[in-house]
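Take a look at this one; I'll ask things after.
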Amino acid sequence: MQNKTKPFFNYIDSLQLYKNQSPIERLVSSGYRIEKNGIKNAMIFDRLQHIKVELENNRISTSTNLYNMAVSHYNDAVRNINAFIQYRNKQFNPLKTEAEIQEMINVPVKNIEDATKKLAQIKNADASTTILMNSLSASISEININIKEQQDWLLLYLGKNKSKRKAMFYDRKITLFGRVIN
């Protein structure tokens with residue numbers, strides 16, 4: 001016979017839920033239970049403060065890790081677009097297939113996408129992290145412009161027949177007193 005005067009508590013379900021939670025979810029859950037039941041003594045107050053500090057440290061650590069990954073992806077994009085530009089400056093020598101050349105552009109595009117995704121995952125950043133994120137976002141915008149220029153040039157290059165491609169390396173608009181000379 002079940003005692004109806006006390007609330008029903010399913011220990012098996014609660015233990016299974018606890019087992020499936022991440023350490024952070026366990027901390028959040030513990031903090032919620034402490035606040036719900038009230039702070040009755042100094043030991044409970046200290047435990048709640050400890051939980052809050054652990055959660056804040058985790059938030060900062062997660063933000064820092066995401067930001068560092070975003071920077072790493074950005075640096076990879078810069079390195080990869082520079083490799084493409086150097087290869088282009090060598091007039092695509094040694095020879096590579098069109099697919100390999102296209103991949104040289106696709107890789108930095110993917111790097112920038114990954115960097116942007118990592119930045120977007122940062123939630124509730126502190127002031128200094130926000131400043132760093134804004135600076136990185138501006139750098140990402142700048143490199144995106146460069147990558148887009150290279151993509152457009154490559155698209156034009158790949159759209160020409162092989163005999164006209166070589167001339168693209170020499171098609172430079174030269175200005176004389178502010179006027180374009182063809």
Item checked: Where Q21 and S29 come nearest, the two heavy atoms and their spacing ->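 Looking at all heavy atoms of both residues, the shortest contact is NE2-OG, 3.8 Å.
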
Note to self: Once rounded to the nearest 0.5 Å, what's the spacing between atom CG of L15 and atom NZ of K19?
What the structure shows: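 Going from the CG atom of L15 to the NZ atom of K19 covers 10.0 Å.
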
Checklist line | Set of side chain to side chain contact (heavy atoms under 4.5 Å, CB included) partners for N68, sequence neighbours left out | finding: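 Scan of N68 (side chain to side chain contact (heavy atoms under 4.5 Å, CB included), adjacent residues dropped) gives T64.
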
Note to self: Main chain of E54, side chain of N58: is a donor-acceptor contact present, judged purely on distance under 3.5 Å?
What the structure shows: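 Looks like no, no N/O pair under 3.5 Å.
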
Next item on the list: Output the distance between atom CD (E149) and atom CG (N144), rounded to the nearest 0.5 Å.
Entry: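 E149 atom CD to N144 atom CG measures 11.0 Å (nearest 0.5 Å).
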
Notebook entry, point to check: Which residue pairs pass the ring-ring contact (aromatic ring centres under 6.0 Å, His included) test with at least one member in residues 110-154, sequence neighbours excluded?
Noted result: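 For residues 110-154: F92-W153, W153-Y157, W153-F169.
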
Item checked: Any pair counted as ring-ring contact (aromatic ring centres under 6.0 Å, His included), so long as it reaches residues 99-142, sequence neighbours left out ->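 Residue pairs passing ring-ring contact (aromatic ring centres under 6.0 Å, His included), neighbours aside: none found.
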
Check: With sequence neighbours excluded, what pairs up with N161 under the side chain to side chain contact (heavy atoms under 4.5 Å, CB included) test?
Finding: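 In terms of side chain to side chain contact (heavy atoms under 4.5 Å, CB included), with neighbours along the sequence ignored, N161 is linked to S163, K164.
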
Item checked: Selection residues 112-122 - residue pairs positive for salt bridge (charged side-chain N to carboxylate O under 4.0 Å, His left out), sequence neighbours left out ->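 Listed once each, the pairs are K110-D114.
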
Item checked: Test side chain to side chain donor-acceptor pair (under 3.5 Å) applied to S30 and R33, step by step -> CA-CA 5 Å; S30 293; R33 284 192 309 275; 3.2 Å; yes

Notebook entry, point to check: Cluster question for you: counting only ILVMFWY and a side-chain heavy-atom cut-off of under 4.5 Å, with indirect links fine, are I143 and I105 together?
Noted result: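 Yes, it is one cluster - the side chains of I143 and I105 are joined through contacts under 4.5 Å.
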
Check: Which residues, ordered by chain and number, are linked to M43 in its hydrophobic cluster, where ILVMFWY side chains connect at heavy-atom gaps below 4.5 Å, directly or through other members?
Finding: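 Its cluster mates, by chain and number: none.
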
Check: Quick one: OG1 on T62 to CD on Q121, what's the gap to the nearest 0.5 Å?
Finding: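 Result: 10.5 Å between the selected atoms.
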
Check: Does a side chain donor of either D126 or T129 reach within less than 3.5 Å of an acceptor in the other side chain?
Finding: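 Present: a donor and an acceptor within the cut-off.
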
Check: Do you reckon I140 sits in the same ILVMFWY cluster as I85, going by side-chain contacts under 4.5 Å, direct or chained?
Finding: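 Both belong to a single hydrophobic cluster.
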
Notebook entry, point to check: For the side chain of E35 and the backbone of Y32, is there at least one donor-acceptor N/O pair under 3.5 Å apart?
Noted result: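 Judged by distance alone, no pair lies under 3.5 Å.
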
Item checked: Which residues share a side chain to side chain contact (heavy atoms under 4.5 Å, CB included) with S137, sequence neighbours left out ->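 Here the qualifying residues are L119.
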
Next item on the list: Could you identify which residues cluster with L27, counting Ile, Leu, Val, Met, Phe, Trp and Tyr as linked when any side-chain heavy atoms lie under 4.5 Å apart, either directly or through a chain of such contacts?
Entry: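 Once heavy-atom contacts under 4.5 Å are chained together, L27 belongs with I24, V28, I34, I39, I44, F45, L48, I51, L55.
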
Margin query: Any side-chain to backbone donor/acceptor pair from E25 onto S22? Under 3.5 Å, distance only.
Written below: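 Judged by distance alone, yes, a pair lies under 3.5 Å.
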
Notebook entry, point to check: Tell me the ring-ring contact (aromatic ring centres under 6.0 Å, His included) pairs involving residues 110-131, sequence neighbours left out?
Noted result: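 Found none.
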
Margin query: Looking at every heavy atom in both A125 and R59, which two are closest together, and how far apart are they?
Written below: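 Reported closest heavy-atom pair: CA-NH1, 4.0 Å.
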
Check: Would you say the side chain of N65 lies within less than 4.5 Å of the side chain of S61, judging by non-hydrogen atoms?
Finding: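 The answer is yes, as the side chains (C-beta and beyond) meet within the 4.5 Å cut-off.
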
Note to self: Restricting to non-hydrogen atoms, name the atom on K96 and the atom on I101 that form the minimum distance, rounded to 0.1 Å.
What the structure shows: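 For K96 versus I101, the nearest heavy atoms are O-CD1, 3.8 Å.
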
Notebook entry, point to check: Going hydrophobic residue to hydrophobic residue with side-chain gaps under 4.5 angstrom, can you get from I81 over to L154?
Noted result: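 Same cluster.
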
Check: Taking the side chain as C-beta and beyond, is there a heavy-atom pair between N93 and L95 under 4.5 Å?
Finding: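 The answer is yes, as the side chains (C-beta and beyond) meet within the 4.5 Å cut-off.
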
Margin query: Rounded to the nearest 0.5 Å, what separates atom OG1 in T130 from atom OH in Y67?
Written below: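 Going from OG1 on T130 over to OH on Y67, the span is 11.0 Å.
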
Next item on the list: Determine whether Y74 and N111 make a side-chain contact, defined as any pair of heavy atoms from C-beta on separated by less than 4.5 Å.
Entry: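 No, their side chains stay 4.5 Å or more apart.
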
Notebook entry, point to check: Who passes side chain to side chain contact (heavy atoms under 4.5 Å, CB included) against N106, sequence neighbours left out?
Noted result: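 Per chain and number, N106 pairs via side chain to side chain contact (heavy atoms under 4.5 Å, CB included) with Q102, E103.
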
Margin query: My understanding is that a hydrophobic cluster links ILVMFWY residues whose side chain heavy atoms are under 4.5 Å apart, including indirect links. Using that, what else belongs to the cluster containing V53?
Written below: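 Listed partners: none, V53 stands alone.
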
Item checked: Contacts of D152 that satisfy side chain to side chain donor-acceptor pair (under 3.5 Å) - sequence neighbours left out ->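 Side chain to side chain donor-acceptor pair (under 3.5 Å) list for D152, sorted by chain: K148.
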
Note to self: With clusters defined by side-chain heavy atoms of hydrophobic residues (ILVMFWY) lying less than 4.5 Å apart, directly or transitively, does I131 cluster with L66?
What the structure shows: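 Different hydrophobic clusters.
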
Checklist line | L158 reachable from M168 in the ILVMFWY side-chain graph, under 4.5 Å edges | finding: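 In one cluster with M168: L158, yes.
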
Check: How long is the span from the NE2 atom in H73 to the CG atom in L136, to the nearest 0.5 Å?
Finding: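 Answer rounded to 0.5 Å: 11.0 Å.
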
